[in-house]
Amino acid sequence: MASSSRNDDDLTIPRAAINKMIKETLPNVRVANDARELVVNCCTEFIHLISSEANEICNKSEKKTISPEHVIQALESLGFASYISEVKEVLQECKTVALKRRKASSRLENLGIPEEELLRQQQELIAKAKQQQVELAQQEWLQMQQAAQQAQLAAASASASNQAGSSQDEDDEDDI
């Protein structure tokens, strides 16, 4: 069991995040280091308490994923009902921010070009690419034809010079 308590100790909120929250919440107040440590421990324990209760609620409803509703039910069952309205507001803000992020990350949305226009442009680019492929294939075919003709000419030239050389040999033999 010692290892599980060690794992619980390892699961804490980063102190830098807590320090930042304290400075933003209480900008003109000095907070002692041991008080900051206490805040970190309280936050960690609170999160552990809420998440454990939400997990139990989730398991009772035979779900595999803890949803915001499970967390809200956990707050209520643990006696933190006064936080629920603020939690729901924060949840709505998070959903709004996430939706804006999804929209902002959509390159289609950022372009400001109608989908029909993008489709037309895409088809135009595909047609150009196909045309370039056809032209390239024609150029390769012409180069192969030229190479074949050059090879035929070279072979014919070699054959003619061989025939000329062999007829010269025959004339030389006649002289002997």
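Of all heavy-atom pairs spanning Ala54 and Ala74, the tightest one is N-CB, 3.6 Å. Smallest separation of non-hydrogen atoms from Thr12 and Arg15: OG1-NH1, 3.8 Å. Here the shortest heavy-atom pairing between Val40 and Ile13 reads CG1-O, 3.8 Å. Of all heavy-atom pairs spanning Cys58 and Ile66, the tightest one is SG-N, 3.9 Å.
Proximity of a side-chain donor or acceptor of Ser159 to a complementary backbone N or O of Ala155 within less than 3.5 Å is not detected. Put simply, the side chain of Arg36 gets close to the backbone of Val31: a donor and an acceptor are under 3.5 Å apart. In this structure, the side chain of Ser157 does not engage the main chain of Leu153 through any donor-acceptor pair within 3.5 Å. For the pair Thr25 (side chain) and Ile22 (backbone), a donor-acceptor distance under 3.5 Å is absent.
Ionic pairing of Arg120 and Glu124 is present here: one or more N-O contacts between side-chain nitrogen and carboxylate oxygen are shorter than 4.0 angstrom.
Note that CG of Leu125 is 8.0 Å distant from CD of Gln122, once rounded to the nearest 0.5 Å. Here the OG atom belonging to Ser77 is positioned 8.5 Å from the CD atom belonging to Glu56, to the nearest 0.5 angstrom. To the nearest 0.5 Å, atom CG of residue Asn59 and atom NE2 of residue His70 are 9.0 Å apart. We find the NZ-NZ distance between Lys100 and Lys95 to be 15.5 Å, quoted to the nearest 0.5 Å. Remark: Gln139 CD to Met144 CE distance equals 13.5 Å, nearest 0.5 Å. The distance from the CG atom of Leu75 to the CZ atom of Phe46 is 5.5 Å, given to the nearest 0.5 Å.
Follow the hydrophobic side-chain contacts under 4.5 Å out from Ile72 and you reach Leu78 in the same cluster. Note: the hydrophobic cluster containing Ile84 also contains Leu49 (ILVMFWY, side chain heavy atoms under 4.5 Å, direct or indirect links).
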Margin query: If you apply the rule side chain to side chain contact (heavy atoms under 4.5 Å, CB included), what do you find for Val134 with Gln138, and how did you get there?
Written below: CA-CA 6 Å; Val134 167; Gln138 286 175 345; 4.0 Å; yes
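Residues Glu69 and Gln73 have side chains that never bring a donor and an acceptor to within less than 3.5 angstrom of each other.
Between Thr96 and Glu93 there is no side-chain heavy-atom pair separated by less than 4.5 Å. Counting heavy atoms from C-beta on, the side chains of Phe80 and Ile50 come closer than 4.5 Å.
Under a cut-off of 6.0 angstrom, the local environment of CD in Glu86 is sparse, with at most 12 non-hydrogen atoms contributed by other residues, nucleotides or ligands.
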